[in-house]
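Given the structure is predicted, the values throughout are model-derived calculations rather than measurements.
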Amino acid sequence: MSDKQKVRWGILGAARINRRMIPGLQEADNAEVVAIASRDEAKGREAAAKWNIPTLYASYEALLADPQIDAVYVPLPNSLHVEWAIRAVQAGKHALSEKPLAIRPEDVTRLAEAARQAGRLAMEGFMYRFHPQQARVRELLAAGEIGPAQVIRGTYAFVIDPSKPNIRLDPAQGGGATWDVGSYGINLVRWMFGTEPQRVWAEATRTNGLDTAVAAVLDFGDGRRAVLDYGMSYGRRSFYEILGTKGTLSVENMWQEPDVPAQVYLRKDSGLTTFEIEPQNHFRLQAEAFSRAILEGGPSPYPLEDSLLNTRVCTAVLRSIEAHQSVSVE
């Protein structure tokens with residue numbers, strides 16, 4: 001593939017998630033990382049050298065002004081995702097934002113309008129959706145292997161040290177477990193049920209006023225519920241299980257490493273069946289899918305309407321935590 005058939009990418013910031021995303025972009029057959037911007041000169045130089053990125057900018061504005069860049073990846077603090085995604089599309093760039101795209105539903109609407117006016121694509125980066133592991137789960141669901149889904153359980157967690165500075169524990173930057181790991185589980189259960197929850201009940205453990213460990217029940221109506229627990233204070237986990245009328249489907253690790261086979265487990269009265277999927281880098285697959293949409297003129301693999309709905313459910317969870325009662329999803 002020639003360079004003219006590749007999307008030229010710029011990276012806004014030297015965030016830690018870059019260690020996963022940049023290799024995925026560089027492995028993609030239709031993408032090329034040409035620039036990175038950092039307001040911290042030392043971090044910027046280190047990142048550019050580590051990943052052999054040819055151009056380093058000292059400001060995000062300078063990167064957005066570069067005419068050679070077609071698309072940008074936004075891995076900034078949660079509170080800045082939508083702002084810089086909007087500025088990117090207004091500068092004529094396509095924008096892939098790290099999740100959560102926004103912490104207010106109305107901000108997703110603002111981005112959608114900005115992208116429409118600019119004729120550019122914008123998408124929230126839930127990379128797990130591109131791994132064939134999830135495609136296999138959805139195929140088995142559609143084939144009726146476990147009957148209609150009734151309950152989805154999920155655990156999403158990792159450990160951070162609250163004694164050290166961390167943007168995930170900063171209320172001003174959109175911190176908290178719901179926006180970080182909870183958004184994965186909420187996105188997953190909405191996707192697998194194929195509909196939206198009507199009500200939410202959640203309780204949380206708090207650190208410095210932020211939710212750091214959460215248990216939530218999402219009511220999807222007709223007896224369908226999702227039961228999620230997630231946090232930033234217990235061992236790394238990205239597990240989900242779908243219980244149907246005839247069996248269950250489970251995934252032990254949704255945050256797959258690029259060099260490890262993935263498994264899907266189907267349990268029925270007749271026994272256990274294990275489906276193994278060859279190793280895949282879901283960051284690469286996401287980069288290729290979004291770049292392909294750009295090269296082919298869209299639409300985005302996942303629309304901003306999905307991000308709007310996900311943000312609404314996340315905010316409902318946080319309202320329920322505050323109220324100590326069930327709340328409707330609005």
Side-chain angles (χ1 to χ4, degrees), residues 9 11 13-33 36 46-47 50-53 73-75 78 96-100 123-140 152-161 166-168 177 179-189 191-192 228-242 249-266 272-292 301-302:
W9 283 82
I11 312 295
R16 191 167 182 265
I17 190 64
N18 284 349
R19 76 194 193 283
R20 301 295 303 275
M21 185 63 186
I22 290 177
L25 277 166
Q26 291 177 327
E27 293 168 15
D29 61 11
N30 57 1
E32 178 185 10
V33 181
I36 187 169
E46 180 183 358
K50 179 177 182 179
W51 288 297
N52 195 29
I53 300 173
Y73 171 58
V74 185
N78 294 343
L96 174 62
S97 170
E98 185 54 40
K99 59 82 204 160
M123 190 179 78
E124 185 173 22
F126 281 112
M127 76 297 178
Y128 82 94
R129 295 184 292 195
F130 296 88
H131 199 289
Q133 181 182 53
Q134 275 57 253
R136 178 58 60 86
V137 170
R138 289 174 62 79
E139 288 169 3
L140 293 167
I152 304 178
R153 294 199 295 250
T155 297
Y156 301 88
F158 66 100
V159 177
I160 61 174
D161 184 348
N166 195 306
I167 60 171
R168 294 180 175 92
W179 292 122
D180 197 289
V181 285
S183 60
Y184 279 109
I186 289 167
N187 188 262
L188 181 283
V189 298
W191 191 30
M192 293 300 174
L228 299 175
D229 61 275
Y230 54 87
M232 303 186 293
S233 57
Y234 46 98
R236 184 176 177 84
R237 199 78 163 97
S238 60
F239 160 84
Y240 70 89
E241 183 174 45
I242 306 173
L249 288 164
S250 61
V251 164
E252 289 293 316
N253 182 18
M254 193 177 80
W255 298 332
Q256 279 295 330
E257 297 295 329
D259 55 353
V260 177
Q263 288 81 30
V264 174
Y265 300 98
L266 170 63
L272 170 67
T273 303
T274 302
F275 301 90
E276 183 165 293
I277 297 100
E278 65 181 20
Q280 296 280 345
N281 184 339
H282 46 197
F283 288 94
R284 174 182 63 81
L285 296 174
Q286 176 180 248
E288 288 179 342
F290 193 65
S291 296
R292 188 179 311 117
Y302 290 92

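- The two residues Glu98 and Gly125 make their nearest non-hydrogen contact at OE2-O, 4.1 Å.
- Across every non-hydrogen atom of Ala157 and Gly235, the tightest pair is CB-O, 3.5 Å.
- Across every non-hydrogen atom of His282 and Met127, the tightest pair is CB-O, 3.4 Å.
- Look at Lys99 and Glu124 and you find no salt bridge, because none of the NZ, NE, NH1 or NH2 atoms lies under 4.0 Å from a carboxylate O.
- Judged by distance alone, with hydrogens and angles left aside, the side-chain atoms of Arg237 form a donor-acceptor pair with the main-chain N or O of Glu252 at under 3.5 Å.
- Interatomic distance, OG1 of Thr273 versus CG of Leu249, reported as 10.0 Å (0.5 Å rounding).
- Here the side chain of Ser238 pairs a donor or acceptor atom with the backbone of Met254 at under 3.5 angstrom.
- Under the side-chain hydrogen bond (donor to acceptor under 3.5 Å, both in side chains) criterion, Trp179 pairs with no residue, sequence neighbours left out.
- Contacts of Tyr184 classified as ring pair (Phe, Tyr, Trp, His ring centres under 6.0 Å), with partners at least two apart in sequence or in another chain: Phe126, Trp255.
- Under the rule for a salt bridge (Lys or Arg N to Asp or Glu O under 4.0 Å), Glu46 has no partner lying at least two apart in sequence or in another chain.
- Sequence neighbours left out, the pairs with a member in residues 274-290 that pass salt bridge (Lys or Arg N to Asp or Glu O under 4.0 Å) are Arg284-Glu288.
- Asn78 meets the side-chain hydrogen bond (donor to acceptor under 3.5 Å, both in side chains) test with no other residue; sequence neighbours excluded.
- To the nearest 0.5 angstrom, Phe158 atom CZ is 11.0 Å from Tyr234 atom OH.
- For Asp161, the side-chain contact (heavy atoms from CB on, under 4.5 Å) partners two or more places apart in sequence, or in a different chain, are Ser163, Lys164.
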(request) Report the C-alpha separation of Gln133 and Asn253 in whole Å, then their side-chain angles, then the decisive distance to 0.1 Å, and conclude whether the side chain to side chain contact (heavy atoms under 4.5 Å, CB included) test is met. (result) CA-CA 10 Å; Gln133 181 182 53; Asn253 182 18; 5.6 Å; no

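- Residues passing the side-chain contact (heavy atoms from CB on, under 4.5 Å) test with Val159: none are found, sequence neighbours excluded.
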(request) Kindly indicate, with the supporting measurements, whether the criterion side chain to side chain contact (heavy atoms under 4.5 Å, CB included) is fulfilled by Ile17 and Phe283. (result) CA-CA 11 Å; Ile17 190 64; Phe283 288 94; 4.2 Å; yes

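- Residues meeting the salt bridge (Lys or Arg N to Asp or Glu O under 4.0 Å) test with Glu27, sequence neighbours left out: none.
- Legend: residues meeting side-chain contact (heavy atoms from CB on, under 4.5 Å) with Ile167, ordered by chain and number and at least two apart, are Pro77, Gln173.
- Screening residues 127-140 for salt bridge (Lys or Arg N to Asp or Glu O under 4.0 Å), with sequence neighbours left out, gives Arg129-Asp306, Arg136-Glu139.
- With hydrogens and angles left out, the side-chain atoms of Tyr128 and Gln286 include no donor and acceptor closer than 3.5 Å.
- A 4.5 Å side-chain heavy-atom check between Trp191 and Ile152 finds every atom pair outside the cut-off.
- Applying the ring pair (Phe, Tyr, Trp, His ring centres under 6.0 Å) criterion to Phe239, with sequence neighbours excluded, gives no partner residue.
- Between Pro301 and Ala289, the closest heavy-atom pair is CG-O, 3.7 Å.
- Residues satisfying the ring pair (Phe, Tyr, Trp, His ring centres under 6.0 Å) test with Tyr302, not counting sequence neighbours, are Phe130.
- Two residues are said to be in side-chain contact when any heavy atoms from C-beta on lie closer than 4.5 Å; Gln256 and Pro279 fail this criterion.
- Remark: Asp259 CG to Gln280 CD distance equals 12.0 Å, nearest 0.5 Å.
- Contact annotation: the side chain of Ile11 never approaches that of Trp51 to less than 4.5 Å [non-hydrogen atoms, C-beta and beyond].
- Note that CD1 of Ile53 and CD of Glu32 are 11.0 Å apart. Values are rounded to the nearest 0.5 Å.
- One distance of note links CG of Leu228 with CZ of Arg153; it measures 11.5 Å at 0.5 Å rounding.
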(message) For a side chain to side chain contact (heavy atoms under 4.5 Å, CB included) check, start with the C-alpha distance between Ile277 and His131, then their side-chain angles and the critical distance, and finish with the verdict.
(response) CA-CA 9 Å; Ile277 297 100; His131 199 289; 4.3 Å; yes

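- The minimum heavy-atom distance between Pro23 and Asn18, with the atom names listed, is CD-O, 3.4 Å.
- The two residues Gly231 and Ala177 have their closest heavy-atom pair at CA-CB, 4.1 Å.
- Atom CZ in Phe290 sits 10.5 Å away from atom CG in Leu25 (nearest 0.5 Å).
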